[in-house]
Amino acid sequence: MQGQTTLENNVKSLNCMHFINGQYIASKNGKTFDNINPATQEILGWVSEGGREEIDLAVGAARRALDGPWKKMSSHDRISVIRRIGDLILERKDELAKLESLDTGKPYWLSSTVDIPRSAYNFHFFADYLRALGTEAYQTDDTAINYSIRRPVGVVGLINPWNLPLLLLTWKLAPCLAAGNTVVMKPAELTPITATLLGEICRDAGVPDGVVNIVHGFGPDSAGAALTEHPDVDAISFTGETATGKVIMAAAAKSLKKLSYELGGKNPNIIFADSNLDEVIETTLKSSFINQGEVCLCGSRIYVERPVYEEFLQKFVARTKELVVGDPFDPKTKVGALIGAEHYQRVLSYIQLAQEEGGQILTGGRRPEGMDKGYYLEPTVIVGLNRNCRVVREEIFGPVVTVMPFDSEEEVIAQANDTHYGLSASIWTNDLRRAHRVAGQIEAGIIWVNTWFLRDLRTPFGGMKQSGIGREGGMHSFDFYTELTNICIKL
Ligand code: NAD
């Protein structure tokens, strides 16, 4: 594979151990599992499989570290350490981007221009945010002054998915550390490599031992479940499937942990006839197929106003056919490999289901010719389905979109909202009033007008309905990772 020669020169090992109390350690019972390269189906290395024992060790270390040098560190020094983590990620950008692409199957151009730089920026952003953070204060007439102080929540468990491994982990870790907490992270079992290196990076940046801990393993009956059930963990921030969120909520209820949830989505992309169709198609190709469609924010339900439906379809399908599917390290590749065997079969089963439900596949739907190895799938465009079809209602999380015509604003709003998800939506129109009117009625936490994935990290990020609980970003992250105490002084 192109890129791998260079990789061998600058990557020490693709095996992943836990990182507990500042040290890399294997599981006590020596258990490991294989990590598979989705692009070749070859074994990349082994991963230590943690369970109750390793979670206990990690939570114990994190608990002790809460009262150690981390607590005594001035906010000025803490900000410097957090900034330094971002600097070190940038220094190792090339290595981390290669590892991220090996682990996930995503194109290298994507991990090197989005995943890794954004991971670094997460630390830079929250370091700056902490420096500017003030406090709430109220004077109650001549009677009293109130002010609030923020304190860390304590030991926080961070549980993450495989689609944007380092980006999403750091999106949680940066504010969590800025707020003074200590952490036990459980990266996705399918993508453990960059998370493992993050331990070393944090140590090199000056994070005291025990503040950041990483335990690898699976969810049920494994490290994930052990973390969510642990009585000494104060909060869990989870990104993953809605179904997993329900299981974690039940486990966390026993010790009433604070929860933050970023869950699944089935996001509508609403295209009105007055929009600029060339711009729409350019962005819709990204919102449909970037990262193999494995982004929670991907717009998988495309609604097009009838006057431009045919023109949109014809242009969109033509452009979709041009997307090169293949080796993540080939610069021409636009769509890499899906994450793994199980997910690949799941996505294929939805394509099969689409046909059973009466849908018509206009392009894609199969493994590209001549590619026998790797979880590759041609980007897929499906028409002819209605709002009651499972393919239109359920999250597929792959390079598969459905396109449906609509005739009125009311109709498309009703269709867009006809789901138990509520993560994001895109609205395309040049009518200013309509943009505001429709945006105000779509049930989603994040709405873009005439764009997609444009992010300002100060804004609230998260979903409504079964797409999440709470918001991340700027002040919202601090609200989750801190406890507020109001102090009232009688005058
Ligand atoms: P998943 O829920 O299967 O797994 C996520 C993490 O949870 C993994 O680390 C897994 O090991 C762990 N886990 C699984 N069962 C567990 C249990 N019982 N207890 C504790 N931990 C457990 O999700 P996935 O397949 O890795 O990721 C894809 C999903 O993530 C999609 O639904 C996608 O929409 C969602 N996602 C949401 C956002 C967002 O910001 N809203 C971002 C990215 C991905």
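This chain uses plain numbering: 1 for the first residue, then up along the sequence. Worth knowing before you read on, the calculation uses all heavy atoms, side chains too, and leaves out hydrogens, waters and symmetry mates. Whatever order the structure lists them in is the order used to number ligands and atoms, beginning at 1.
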Legend entry - For Ser424 against Pro268, the heavy-atom pair lying closest together: O-CD, 3.3 Å

Inset, instruction - Go through ligand 1 atom by atom and flag the ones less than 4.0 Å from a non-hydrogen atom of Val247. - result: 18 (N)

Inset, instruction - Report yes if some N/O of Glu189 lies less than 3.5 Å from some N/O of ligand 1; otherwise report no. - result: yes

Legend entry - Heavy-atom nearest neighbour in the protein, as seen from atom 39 (C) of ligand 1, with distance rounded to 0.1 Å: Cys296 SG, 3.2 Å

Inset, instruction - For Thr244 and Gly240, indicate whether the former's side chain and the latter's backbone hold a donor-acceptor pair under 3.5 Å. - result: no

Inset, instruction - Using a 4.0 Å heavy-atom cut-off, say whether His343 meets ligand 1 through its side chain, its backbone, both or neither. - result: neither

Inset, instruction - Determine the sole option in Arg393, Arg301, Lys465 for which the salt bridge (charged side-chain N to carboxylate O under 4.0 Å, His left out) test with Asp418 is passed. - result: Arg393

Inset, instruction - Look at atom 15 (N) of ligand 1 and say whether a protein heavy atom is found at less than 4.0 angstrom from it. - result: yes

Legend entry - Glu357 side-chain N/O to Val391 backbone N/O, donor-acceptor pair under 3.5 Å: yes

Legend entry - Matching residue for Thr194 among Glu95, Glu100, Arg92 - test: side-chain hydrogen bond (donor to acceptor under 3.5 Å, both in side chains): Glu100

Legend entry - Any donor-acceptor N/O pair, Gln292 side chain to Gly336 backbone, under 3.5 Å: yes

Inset, instruction - Check whether the ring centres of Phe238 and Tyr261 lie less than 6.0 Å apart, and answer yes or no. - result: yes

Inset, instruction - Decide yes or no for Thr182 and Arg64: does some side-chain heavy atom of the first lie under 4.5 Å from some side-chain heavy atom of the second? - result: no

Legend entry - Closest approach of any protein heavy atom to atom 3 (O) of ligand 1, naming residue and atom: Thr244 OG1, 3.9 Å

Legend entry - Distance filter under 4.0 Å to Leu423 heavy atoms, resulting ligand 1 atoms: 41 (N)

Inset, instruction - For ligand 1, note which part of Leu297 has a heavy atom under 4.0 Å away: side chain, backbone, both or neither. - result: neither

Legend entry - Residue pair Ser260 / Tyr481, side-chain donor-acceptor N/O under 3.5 Å: no

Legend entry - Closest approach of any protein heavy atom to atom 12 (C) of ligand 1, naming residue and atom: Ile159 CG2, 3.7 Å

Inset, instruction - Find out whether the Lys NZ or Arg CZ of Lys334 is both under 6.0 angstrom from the six-membered ring centre of Phe289 and within 45° of the ring's axis. - result: no

Legend entry - Near-ring test Phe33/Phe218, centroid separation under 6.0 angstrom: yes

Inset, instruction - Answer yes or no for Arg118 and Trp171: cation-pi contact, defined as NZ/CZ to six-membered ring centre under 6.0 Å and angle to ring axis within 45°. - result: yes

Inset, instruction - Report the part of Ser222 (side chain from C-beta onward, or backbone N, CA, C, O) that has a heavy atom under 4.0 Å from ligand 1; answer both or neither where that applies. - result: neither

Inset, instruction - Give the residue and atom name of whichever protein heavy atom lies nearest to atom 28 (C) of ligand 1, and the separation in Å to one decimal. - result: Phe397 CE2, 3.6 Å

Legend entry - No-hydrogen, no-angle side-chain donor-acceptor test under 3.5 Å, Asp327 and Tyr376: no

Legend entry - Taking atom 27 (O) of ligand 1 as the reference point, the nearest protein heavy atom with its distance: Pro161 CB, 3.2 Å

Legend entry - Numbered atoms of ligand 1 (with element) below 4.0 Å of Lys186, judged on heavy atoms: 8 (C), 9 (O), 10 (C), 11 (O)

Legend entry - Protein contact of atom 25 (O) of ligand 1 - nearest heavy atom, named by residue and atom, plus distance: Trp162 NE1, 3.0 Å

Inset, instruction - Would you mind listing which atoms of ligand 1 come within a distance below 4.0 Å of any non-hydrogen atom of Ala188? - result: 9 (O)

Legend entry - Check: Thr228 N/O within less than 3.5 Å of ligand 1 N/O: no

Legend entry - Ligand-residue contact atoms, ligand 1 with Ala225, heavy atoms, under 4.0 Å: 19 (N), 20 (C)

Inset, instruction - May I ask you to check if ligand 1 and Ser467 share an N or O to N or O distance below 3.5 Å? - result: no

Legend entry - Phe461 neighbourhood, listing ligand 1 atoms whose heavy-atom distance to it stays under 4.0 Å: 40 (O)

Inset, instruction - Please confirm whether Glu395 comes within less than 3.5 Å of ligand 1 when only nitrogen or oxygen atoms on both sides are compared. - result: yes

Inset, instruction - Please determine, by modelled atom types, if Ser101 and Lys106 share a side-chain donor-acceptor pair under 3.5 angstrom. - result: no

Legend entry - Protein heavy atom at shortest distance from atom 35 (C) of ligand 1: Gly240 O, 3.3 Å

Legend entry - ligand 1 N/O within reach of Leu263 N/O, cut-off under 3.5 Å: yes

Legend entry - Residue, atom name and distance, where the atom is the protein heavy atom closest to atom 8 (C) of ligand 1: Asn160 O, 3.3 Å

Legend entry - Ring centre gap for Trp162 and Phe397 strictly below 6.0 Å: yes

Inset, instruction - Flag the pair Lys258 / Val156 as yes when at least one side-chain heavy-atom distance between them is below 4.5 Å, and no otherwise. - result: no

Inset, instruction - Any atoms of ligand 1 less than 4.0 Å from a non-hydrogen atom of Leu168? List them with their elements. - result: 42 (C), 43 (C)

Inset, instruction - Tell me which part of Glu294 gets within contact of ligand 1: side chain, backbone, both or neither, using heavy atoms under 4.0 Å. - result: neither

Inset, instruction - With heavy atoms of Pro187 as the reference, note each atom of ligand 1 found under 4.0 Å away. - result: 9 (O)

Inset, instruction - For ligand 1, indicate whether the residue Ile248 contacts it via side chain, backbone, both or neither (heavy-atom separation under 4.0 Å). - result: side chain

